[in-house]
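These notes concern the structure reproduced below.
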2 protein chains.
Amino acid sequence: MAIEAARLSPSLAAAAFLARRPPPALFPFSLRCRMPLLRVLAGSSGGDGRVVALSSSELRKRRGLSSSSGAADPASGGDEKLRSLRRLFARPDVAIDAYIIPSQDAHQSEFIAECFMRRAYLTGFTGSAGTAVVTKDKAALWTDGRYFLQAEKELTHEWTLMRSGNHGVPTTSEWLNDVLPAGCRVGIDPFLFSFDAAEELKDSISNKNHELVLVRAMNLVDEIWGDARPKPPKEPTRVHDIKYAGIDVPSKLSFIRSHLTENGCDAVRGSDVPHSPVFYSYLIVEVSTATLFVDSNKVSEDVLEHLEKAGVKLKPYEAIVSEVERLAEKGAKLWLDSSSVNAAIVTAFKSSCDKQMKKKGKAGKKVEKEASSDEPTGVENGALNAVYNVSPVTLAKSVKNEAEIEGMKISHLRDAAALAEFWCWLEEEICKSVPLTEVQVAEKLLEFRKKQDGFIETSFDTISGYGANGAIIHYRPTPEDCSSIGSDNLFLLDSGAQYIDGTTDITRTVHFGEPSPRQKECFTRVLQGHIALDQAVFPERTPGFVLDVLARSSLWKIGLDYRHGTGHGVGAALNVHEGPQSISYRYGNLTALQKGMIVSNEPGYYEDNSFGIRIENLLLIKELNLANSFGGISYLGFERLTFVPIQSKLIDVSLLSPSEINWVNDYHEEVWDKVSPLLSGDTRDWLWKNTRPLLDVTY
Amino acid sequence: MAIEAARLSPSLAAAAFLARRPPPALFPFSLRCRMPLLRVLAGSSGGDGRVVALSSSELRKRRGLSSSSGAADPASGGDEKLRSLRRLFARPDVAIDAYIIPSQDAHQSEFIAECFMRRAYLTGFTGSAGTAVVTKDKAALWTDGRYFLQAEKELTHEWTLMRSGNHGVPTTSEWLNDVLPAGCRVGIDPFLFSFDAAEELKDSISNKNHELVLVRAMNLVDEIWGDARPKPPKEPTRVHDIKYAGIDVPSKLSFIRSHLTENGCDAVRGSDVPHSPVFYSYLIVEVSTATLFVDSNKVSEDVLEHLEKAGVKLKPYEAIVSEVERLAEKGAKLWLDSSSVNAAIVTAFKSSCDKQMKKKGKAGKKVEKEASSDEPTGVENGALNAVYNVSPVTLAKSVKNEAEIEGMKISHLRDAAALAEFWCWLEEEICKSVPLTEVQVAEKLLEFRKKQDGFIETSFDTISGYGANGAIIHYRPTPEDCSSIGSDNLFLLDSGAQYIDGTTDITRTVHFGEPSPRQKECFTRVLQGHIALDQAVFPERTPGFVLDVLARSSLWKIGLDYRHGTGHGVGAALNVHEGPQSISYRYGNLTALQKGMIVSNEPGYYEDNSFGIRIENLLLIKELNLANSFGGISYLGFERLTFVPIQSKLIDVSLLSPSEINWVNDYHEEVWDKVSPLLSGDTRDWLWKNTRPLLDVTY
């Protein structure tokens, strides 16, 4: 599945990088952990409020969205939502001139529980990335290239679509500075912005003397959503078995604590996220204790026992702010990652620290003034009590241990078997007279996956796009508005699953009839990019963006490109999009690709209103044993995890080099060897037919 | 010729990039121009003090360096230099504990007049990049991977070689913080450090309470050099003809002035550099005047007339500091590029501004305190009167106009003719009984080039390295210490010329006997990298570093690499190394490659103590007319300027793809078509033989 670091501009990323290497005396460190350190995972059954394994139409219904899209729909109250929101601007405890509604929840999660899909509720635009800004007389929505077509379809005429990344399109703050008279009040919900993002916003709108207002009293969209708003998720949690996790909780806690001690910190807080087998919670790890902030209804007896054994106490989810304030009061030094921890928590900690300092200041002002020069005396906003740095957990969880790698490999074979059954079934169905829709096909795929051992849920909403729909990079069909799959155009299917032992994510593009020469040329060039990245060898310490060009250069040669990154990090039985590593044309992410990390390899090409192509495998990074090792360092390469045939019919063999032809043939041989033992009958025959060597037409 | 941005670490570069996008109210702009805006160029005859067209041995003699290298040479006074330097530390007007001697001159020039080669004089190490640091009891020299072998040879045992970039090697300031007790005084000559570099140094040594001392009274190395120090260059200047320049001086001045006005500046200063057809000078462009600070002895009657016509006044070179102070006094806003303008000038300007502010401050203190919030009242170091930004001239001169492109193309053909004559001659000579040395061969090459129309000088010291010497990336042979060229190993020749209409830079590696399979494999992989970059197509706005991996990936596949960038910018009848563009594995340089820019394409491989390989052509960036232009933008590619055969004998054809074989054959066909008309007799025959198609052994 393609992912876009939409909020990570090169300049911001550079700033973030610099911020990690500050003058020691000025900045300490920080951490935010999205890792279910405790491996208490969200269960698989479709509980209320969860977003998993639901069709898009179902989702749209639940979100109170109009089922017909495109034009304004007075019945659904599109106008009324904006009117109600603007009425709230005037309330004395709000008093703002504009309100920004991001896609994020309080944990900067990628997948969001329905009750937190405020931007989608307000705007009608259901894409995963986007920011809405509403002033007293204007409403605008920003999204990136993956969603331009979808947003055009879904937004009503009251909304202006801002195509982020297109030439001349302003940022949200540039736009606010442009449309508002000087000196306005711009409101945000501080739980939904990372502290850094809030600071940056404050800074950029201050150019026109606007003030950033942290509206803590309520979320204005929730207010107008009212009773129709879905309930927060109440999914029960479960314990992730050590045989898949590889490392137990006490070892993980002790790993974090060793980092705390090294950095002179007293505590670290983490927060876990829903969809993907994690849940809404905060975690504070102190040197001698660990506290999980979670809705206690989600925690069953056995989970509670597991937590107690590991030395983890429970507190209510809502108690996080007061706990952070308590830590500030007792003078604890907190490790915070201000780039992801929300502004509400960071500012609560800072102002508590400030209060403490003032108290202390009154008592010992003179002493401090004479303190040695190592100890700066002026403390601004509690900065001295927070350590700002990237989490050691973030990197630790991106580098998989042996048990995790083993689980990923095995679960990928089961997933491949499900996909072989699916494609075999679909090829048969296409010949029949009653056409299947994109949604029906996605539901059938889910059925095949559910039959596999250890299946939990899909790892993201299936992207099932026929013809022009395939060109909508993150297209999600709805039963009311989806195409039938035929044999006249390309069909793009991007899907994945969470298994007990691993996470999958795969895209294949196929044609059930006769592809055009144009489609074959484009597909072949995407495939060449896929092969070039797959075959890359690179020295240790290479950041992912260095390799991105390999996946693009075959397309660039004919003036084509794609508007998304080439690879994202993948968790092992965790989030399907999980940093810090990535392979992207955006060169802000300096994280080196490391042995044991997993990335996707998914170049694509999208011809608007015509067709879409993407070929995606997951790759494990491994150390290579080469004849040389110049510079005395390691050289790394990739091992494929995904084993599903690539449709030969779409390949223009005359464009491939002999080594590219060999790659395709070797890959298909490997697919057959690894997956055929799991299959029988027709499906096995299908796999045999679809893993035959390419006819070498040129040589 | 390979170039290394040795001082440009990714983090520094990122910082520099950020510094260009500051909050408008806090930072204004700046510019430094290395371009001979006035196109009054240094002449070609070998005047005293110039470094051009001299053999390395001659240079070493002139610089007072020992001709024997390797061990300490008491006769040359190695010990005595350090002793004398340390004696100066104690002088009351100096009073320092350590002194840093960079390679730079006052203009951050790449090629340095002999009298400014202080680091080489002091250390004996003659490589182009390096920094020496001397404390009361230690002496250390930092250089990068290109020079490790050379520095090992040239440094005496009193010097510790610091291999920059190797794991665990400290930076100069880390080392100073380590070896000096806290609170020491570290001296520099402020003319030799850019203002930014000086500030960064000050910052990093302040961690241990060291103080950075700007020693203005004298340069300590000059002091001990005494009468033996060469005289400053007195080379006459000349006017560069408009037919090669394409744009006249008034147009160039008006271009700069339009930028001044846009940015609310009153003046811009530039400085030109020697070697390459430019000269030591500063230039201040004001809205109505332009002043060139140059030794008037260098300016002949006709040059003077040219300058007067263009509205340019002359002042003595030394008057620059007082002129900058005068501008500060009259309250002028100066455009300065603190990343390249030396610290002496910037600090002079700043302290003059401060004096002015104090005077004003006393008169109008109360008024200022009540000024509006748009106008910060606290002015630190004259920051408000300087505009810090990258020069519009830097970018303008990197994008060549039609006349410059035409000149570059034609001069490259003449250069190719000279090289064909040279290689033909050398192949004959190798068969004879008396072996030729690396130096003799370089001198003969100069002879062939001198016969070409418009030849001025070499564009850098020729790198002529046989066998193991080829592995010294910037090797420069001396008559006393150089190898003979035989037929048992590889011979690497990197050379270039300045012509009246263009600048060349080319490397070829050849074998006159039977290359080993290892050599052929390495050569072929370097060639594959060269071809991959040559053939690259990329969207506009792509920075050079994105393409670097294309030149390396074939080497990486077998665990090999090279420790230098892949391409540098090249001036048109200007500096052979000229930014801002580059193609490097260091991803700090975000300058986009643009139509009309010229870059080198020079991957290599160096096997220490064994052999070196480099294949270098110059490339012009052009806009391509492709079948598609995704995103509605331009796609760019390269046009080759260099037309000299690549030795087929060294190519392992079995490693090449069909398209790589085609590339070699097409290139050689083009070489024959373009260069054969300039040749006759044996040389023409040689070219014919060396441009025959590769035998296609595989297909």
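In what follows, chains carry the letters A, B, and so on, assigned in the order in which the sequence lines appear, proteins first and then strands, with residues in each chain numbered from 1.
Between R518(A) and E607(A), at least one side-chain N (NZ, or NE/NH1/NH2) sits under 4.0 Å from a carboxylate O, which counts as a salt bridge. With salt bridges taken as basic N to acidic carboxylate O contacts below 4.0 Å, none links R563(B) and D144(B).
No other option in S659(A), P543(A), S553(A), G632(A) has as many heavy-atom pairs under 4.5 Å with chain B as P543(A). The residue among L547(B), D561(B), N628(B) with the most heavy atom pairs within less than 4.5 Å of chain A is N628(B).
Contact detail for Y606(B) and F630(A): the closest heavy-atom pair is O-CE1, 3.8 Å.
When heavy atoms are compared at a cutoff of 4.5 Å, Q535(B) approaches chain A by way of both its backbone and its side chain. Contact of L550(A) with chain B is made through the side chain alone, with heavy-atom distances under 4.5 Å. Y635(A) touches chain B through its side chain: at least one heavy atom from C-beta onward sits under 4.5 Å away, while N, CA, C and O do not. Only the side chain of F545(B) comes within contact range of chain A, judged by heavy atoms closer than 4.5 Å.
No hydrogens or angles considered: nothing links the side chains of T591(B) and Q581(B) as a donor-acceptor pair under 3.5 Å. In summary, the side chains of S657(A) and S657(B) do not present any donor paired with an acceptor at a separation below 3.5 Å, with no hydrogens or angles considered.
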